[in-house]
Amino acid sequence: MTLTIGVPRETFAGEKRVATVPDVVTKLLKLGFAVYIEQGAGAAANFSDQAYQAAGASVASSAADLYASADVVFKVRPPTVAEVGQLREGTTFIGFVWPAQNPELMQQLAGRKVTVLAIDALPRQLSRAQKMDALTSMAGVSGYRAIIEAAHAFGRPFNGQMTAAGKIAPAKVFIAGAGVAGLAAIGAAASLGAIVRANDTRAEVADQVVSLGGEFVKVEYEEEGSGGGGYAKVMSEGFQAAQRAMYAQQAREVDIIVTTALIPGKPAPRLITAEMVQSMKPGSVIVDMAAEQGGNCELTVPGEAVVRHGVTIVGYTDLVSRLASQSSTLYSNNLLRLTEELCKTKDGTLNVNMDDEAIRGLTVIKDGVITWPAPPLKVAPPAAPKPAAAMPVKKPAHGHGAGAEPMSARSLLVVSAVGVALFWLIGAYAPAAFLGHFTVFVLACFIGYMVVWNVTPSLHTPLMSVTNAISSIIAVGALIQVAPPLAGNDPARPGHLILGLAVAALVLTAVNTFGGFAVTRRMLAMFRK
């Protein structure tokens, strides 16, 4: 049975996003679903009803008609009480729910005997879950928008300028928290020419801050701040005291502060106190991205921009919605990837597989039964170190090689005598020209053997590429020596076969020569920082 995906219009005040866009509608149809969208649902994000109809969706005249027909509901904001009451039994709801902050909503949804997949509960530790990670998508947009709002409220350029009328100093921006939103803010502020500083409790993000053009400001207190899942954890009182001192210093120095600190399931931590705000220069700006969860600044008013002690404090809770078209496109793509995971058969049905760790983490209610929180992810235990094997005792070797014992005097005398006899036989019966070339060949073998044998094994690959190139040079030289003169009518002049072989040898040795040095250069570059 083909299921119908319903996309209602968002009723939350100021929300302009929509849960799917026309481009994604065509892809949902290819998965076998029918798509039903409420009239005007995408208008605030600049997606007309005609665009949805052209993509293949049907338009419902009211929310009641949509909920009556929908088997699956795509939404952005958590449903209101009225919207919960319109869900039919057996419906699958997919959107932001925030189960930790909305226990009453969870009970209401469970009472309707629906299945709820909370996109905010996605286990972000799973690498394959990144394509479904709407939190990351929305955080990147909100971080960029925070800098735009800061620039609007600041009242002068971010970049430094030297003009005939005077010098304009670059703005100094401090980003508190270098998660996805913070990194997006760092990149946007740096691209506008500001001097950017940033801090985070997770020391591992320092390199990312620097790579985006910022300076990482470290708290002078050693403590690991990673809380797993891409979030920070609650830090100790000692760390928080050192952090407050650092924030107080930055507040006195910078022009703009952007705060992004959030901890899942808890109110936003207070980072900027009233005293810090009072110490800032008049005309400074604070953008509190955690305003919806209470705010990182003590004087933040959620949903508003207020002026306190000459400092503009922006507490907008709709930063993502202020870039509604792009945000809707990213969010709908996240839901599309989730739908692909739920409908691998592409037959217009959903399979909420509770054995799949990603799907299990998302599923907070299954057929009316609350399944949140999900069990911890199964982490593969580290491989046990293999016991050190006893080194085999090598028997004394009477040949060449590392670790071989030196020959006895008698063995050395026998080998030397055999070698002298072989050379005497060759010298006595071989042509004079051959003897000269044979001597060069023996010396080349001896030198090559000594060069390779006495080198550290880790360098064998680059060394062998060099020796290949050298051997090619030797081969060319030998070819020149062997080939008779080519001038005049010398009877010793080689025939066409010899000339053809000589040309082929020159081509192959040229490839080997240049290739050998090219490989050497690439191999040695791997060891350089």
Side-chain angles (χ1 to χ4, degrees), residues 3 5-6 8 10 12 19 67 70-139 179-180 226-234 262-268 290 292-294 331 334-335 337-343 350-379:
L3 300 181
I5 295 175
E10 298 295 325
F12 188 86
Y67 282 107
D71 303 299
V72 183
V73 175
F74 282 1
K75 207 170 177 303
V76 180
R77 291 277 183 170
T80 62
V81 174
E83 289 170 335
V84 171
Q86 292 178 301
L87 290 172
R88 294 187 295 112
E89 182 178 337
T91 300
T92 299
F93 178 92
I94 302 176
F96 285 102
V97 177
W98 305 108
Q101 291 93 326
N102 297 309
E104 293 183 3
L105 174 62
M106 291 286 288
Q107 294 296 334
Q108 293 168 2
L109 288 167
R112 299 298 296 178
K113 299 188 184 310
V114 297
T115 295
V116 178
L117 276 70
I119 199 70
D120 48 273
L122 179 75
R124 302 169 78 187
Q125 304 95 316
L126 299 175
S127 58
R128 69 182 185 87
Q130 294 177 2
K131 61 185 179 181
M132 303 178 277
D133 190 357
L135 285 174
T136 294
S137 300
M138 298 301 98
V180 176
S226 179
Y231 294 99
K233 70 175 184 180
V234 179
L262 283 172
I263 297 173
K266 296 181 181 293
E292 194 167 0
Q293 301 300 326
Y331 182 69
N334 292 138
L335 295 192
R337 302 309 173 199
L338 171 57
T339 307
E340 290 174 342
E341 291 292 317
L342 295 170
C343 182
L350 294 183
N351 176 25
V352 182
N353 181 9
M354 300 297 275
D355 293 327
D356 184 315
E357 286 187 315
I359 303 303
R360 175 63 186 88
L362 284 166
T363 307
V364 296
I365 298 176
K366 181 71 163 64
D367 297 327
V369 178
I370 295 178
T371 60
W372 184 87
L377 293 177
K378 297 177 182 178
V379 180

With rounding to the nearest 0.5 angstrom, report the [atom1] to [atom2] distance, [X] to [Y].
{"X": "Gln108", "Y": "Asn102", "atom1": "CD", "atom2": "CG", "answer": "9.5 Å"}
{"X": "Leu335", "Y": "Arg337", "atom1": "CG", "atom2": "CZ", "answer": "11.5 Å"}
{"X": "Arg124", "Y": "Leu377", "atom1": "CZ", "atom2": "CG", "answer": "13.5 Å"}
{"X": "Thr115", "Y": "Asp367", "atom1": "OG1", "atom2": "CG", "answer": "4.0 Å"}
{"X": "Leu105", "Y": "Trp98", "atom1": "CG", "atom2": "CH2", "answer": "13.0 Å"}
{"X": "Glu341", "Y": "Asn353", "atom1": "CD", "atom2": "CG", "answer": "10.0 Å"}

**Item:** Minimal non-hydrogen separation, Ala70 against Val73, with atom names
**Value:**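 Of all heavy-atom pairs spanning Ala70 and Val73, the closest is CB-CG2, 4.1 Å.
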side-chain hydrogen bond (donor to acceptor under 3.5 Å, both in side chains) with [X]: which residues, sequence neighbours excluded?
{"X": "Arg77", "result": "Glu15, Glu292"}
{"X": "Ser137", "result": "Asn334"}
{"X": "Arg88", "result": "Asp71"}

Find out whether [X] and [Y] are in side-chain contact, i.e. whether some heavy atom of one side chain is under 4.5 Å from a heavy atom of the other.
{"X": "Leu342", "Y": "Leu117", "value": "yes"}
{"X": "Val180", "Y": "Met138", "value": "no"}
{"X": "Thr136", "Y": "Gln130", "value": "no"}

**Request:** Decide if the gap between the ring center of Tyr331 and the ring center of Phe74 is smaller than 6.0 angstrom.
**Result:**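 Distance test on ring centres: not under 6.0 Å, no.
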**Request:** Can you sort out the partners of Lys113 under salt bridge (Lys or Arg N to Asp or Glu O under 4.0 Å), two or more places apart, ordered by chain and number?
**Result:**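 In terms of salt bridge (Lys or Arg N to Asp or Glu O under 4.0 Å), with neighbours along the sequence ignored, Lys113 is linked to no residue.
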**Message:** Which residues pass the salt bridge (Lys or Arg N to Asp or Glu O under 4.0 Å) test with Glu83, not counting sequence neighbours?
**Reply:**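 So Glu83 forms a salt bridge (Lys or Arg N to Asp or Glu O under 4.0 Å) with Lys75.
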**Item:** With sequence neighbours excluded, residues passing side chain to side chain contact (heavy atoms under 4.5 Å, CB included) with Arg360
**Value:**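 Scan of Arg360 (side chain to side chain contact (heavy atoms under 4.5 Å, CB included), adjacent residues dropped) gives Met354, Thr371, Ala374, Pro375.
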